[in-house]
Amino acid sequence: MKILVINAGSSSLKYQLIDMEDEHVIAKGNCERIGIDGKITHKTSDGKEVAVDVAFPTHKEAFLKLMELLTTGDCAVISNISEIDAVGHRVVHGGEKFFQSVVVNDEILKEIEELSELAPLHNPANVQAIKACTEVVGKKVPQVVVFDTAFHQTMPAKAYISGMPYEYYEKYHVRKYGFHGTSHRFVSGRLGELLGGLEGKKVVTCHLGNGSSISAIKDGKVMDTTMGFTPLDGIIMGTRSGAVDNSIVSYVAEKEGLSWSEMNSILNKKSGFLGISGVSSDCRDLEIAASEGNERAQLALDKVVYQIRQYVGGYAAAMGGLDAVVFTGGIGENSAAVRYNVCKDMEFLGLEVCEEACKNASRKEAKFSTENSKVQAWVLPTNEELLIARDTKALVK
Ligand code: ADP
């Protein structure tokens with residue numbers, strides 16, 4: 001069975017064709033600058049690669065081109081579109097309605113569209129992609145949607161309700177939803193395989209990338225997570241502020257004469273690593289700048305480590321214990337310094353890590369807690385596309 005996995009944004013469309021026999025990626029690529037001009041990069045598992053500029057007025061032209069590259073020319077991996085058995089789409093927001101993946105039909109598509117109010121930048125693009133995909137592959141090929149928010153739907157009300165008047169929850173659905181659910185589910189599921197199940201286990205999963213979130217997972221179910229109503233909440237990220245005292249927002253907006261949308265843009269695009277350091281939104285750049293003596297780059301790194309430690313400790317308290325901490329995402333998988341600084345001096349929690357093992361754990365599945373440590377520390381590389389493909393296979397079978 002071959003499954004095409006789609007991760008669409010408003011101007012991009014990333015794809016992977018996965019052979020479910022052995023779960024290997026046959027080909028993958030990215031259509032960029034949709035609605036602007038257009039470029040596609042396409043790679044096959046046997047090392048062939050092509051990059052072409054091509055006009056992508058809408059997502060439909062991007063689908064047509066990726067299908068052409070999958071089926072014809074040097075980089076072809078299948079002879080006909082009909083070899084694609086199903087398509088799995090990543091959808092950002094499933095609101096309170098979707099707590100698991102579902103097969104797409106007109107009703108589901110309408111509901112995803114209605115949730116656009118909660119994710120105005122993402123859900124409309126996801127809907128456009130699903131519609132364009134249907135036009136290109138036809139209605140006979142089943143499509144499945146996998147929601148970023150779904151895994152977090154097990155949170156209890158005390159975790160998801162905001163401190164504002166309850167009527168805003170009732171009127172506007174204002175609450176914590178959480179994001180990166182597919183990644184938290186993938187790595188916690190993998191940990192379950194390694195530990196022989198998650199029943200009775202209390203786990204903190206740290207997805208640290210350009211966007212970052214941390215989840216408390218008890219018995220395999222999310223109890224709490226750091227992202228909230230939007231992916232702006234929680235810890236500092238590449239360009240996002242994470243949680244700040246809300247009064248700062250109106251105070252600074254007034255001082256600087258900023259509109260709501262200008263302030264929103266500062267909180268989302270000019271804050272976090274970039275805003276604090278003034279150097280970069282990229283963790284690698286900060287680590288280099290800090291090693292050269294840049295104090296603000298060091299401050300941004302110190303701040304993110306401090307916040308992650310606060311959540312590890314806070315979630316351990318909330319769950320009444322801790323069995324494992326998992327690191328994933330670009331920073332979690334690659335930065336030994338962030339991992340080590342988060343986990344060191346945590347013996348009071350039963351977590352003891354080995355610095356050398358932590359260094360060697362980068363870019364692969366590895367445990368870096370000591371043999372005596374009661375709490376295990378792991379690097380578990382995430383694979384959201386594979387989880388989308390697995391859900392798709394399970395639902396269309
Ligand atoms: P996204 O959230 O966009 O998927 P990624 O998960 O790829 O992003 O994470 C990107 C982040 O990972 C960047 O901050 C980048 O600097 C960081 N990163 C990647 N490789 C390393 C590395 N070797 N050391 C430290 N940070 C790294």
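Counting starts at 1 for both ligands and their atoms, in listed order. No hydrogens, no waters, no symmetry mates; every other heavy atom, side chains included, goes into these values.
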field: Geometric cation-pi criterion Arg175 and Tyr169, 6.0 Å radius, 45° cone
entry: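 No, a cation-pi geometry is absent between Arg175 and Tyr169.
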
Could you find the nearest protein heavy atom to [atom] and give me its residue, atom name and distance?
| atom | value |
| --- | --- |
| atom 11 (C) of ligand 1 | Ile331 CG1, 3.7 Å |
| atom 23 (N) of ligand 1 | Asn334 CB, 3.4 Å |
| atom 13 (C) of ligand 1 | Asn210 OD1, 3.8 Å |
| atom 16 (O) of ligand 1 | Asp282 OD1, 2.4 Å |
| atom 18 (N) of ligand 1 | Gly330 O, 3.6 Å |

- prompt: With a cut-off of 6.0 Å (strictly less than), are more than 12 heavy atoms of other residues, nucleotides or ligands near CD of Glu167?
  reply: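 Atom CD in Glu167 is packed in, count exceeds 12.
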
Tell me whether [X] is salt-bridged to [Y], with the criterion being a basic N under 4.0 Å from an acidic carboxylate O.
| X | Y | answer |
| --- | --- | --- |
| Arg390 | Glu23 | yes |
| Glu287 | Arg284 | no |
| Asp46 | Lys48 | yes |

field: Sub-4.0 Å heavy-atom contact, Gly238 with ligand 1
entry: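 For ligand 1, residue contact (heavy atoms, under 4.0 Å) with Gly238 is absent.
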
- request: Examine distances only and state if a side-chain atom of Thr72 and a backbone atom of Glu68 form a donor-acceptor pair shorter than 3.5 Å.
  value: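 A pair under 3.5 Å: yes.
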
- prompt: Would you say atom 8 (O) of ligand 1 touches the protein, meaning some protein heavy atom is under 4.0 Å from it?
  reply: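 Answer yes: something from the protein, a heavy atom, is under 4.0 Å.
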
If you count the atoms of ligand 1 from 1 in the order shown, which ones are under 4.0 Å from a heavy atom of [X]?
| X | result |
| --- | --- |
| Ser335 | 25 (C) |
| Gly211 | 2 (O) |
| Glu287 | 24 (N), 25 (C) |

- request: Run down the list Arg284, Glu333, His207 and name the one with the heavy atom closest to atom 26 (N) of ligand 1.
  value: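 Going through Arg284, Glu333, His207 one by one, Arg284 has the nearest heavy atom to atom 26 (N) of ligand 1.
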
Side-chain hydrophobic cluster, 4.5 Å single linkage: members besides Val244: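 Leu232, Ile248, Val249, Tyr251, Val252, Leu258, Trp260, Met263, Ile266, Leu267, which link up through side-chain heavy atoms under 4.5 Å apart, make up the rest of the cluster.
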
query: Below 3.5 angstrom, do we get any N/O pair linking Cys283 and ligand 1?
result: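 Right, the criterion is met.
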
- request: Would you please classify the geometry between the Tyr177 ring and the His93 ring as parallel, tilted or perpendicular, with 30° and 60° separating the classes?
  value: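 Perpendicular: the ring planes of His93 and Tyr177 meet at over 60°.
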
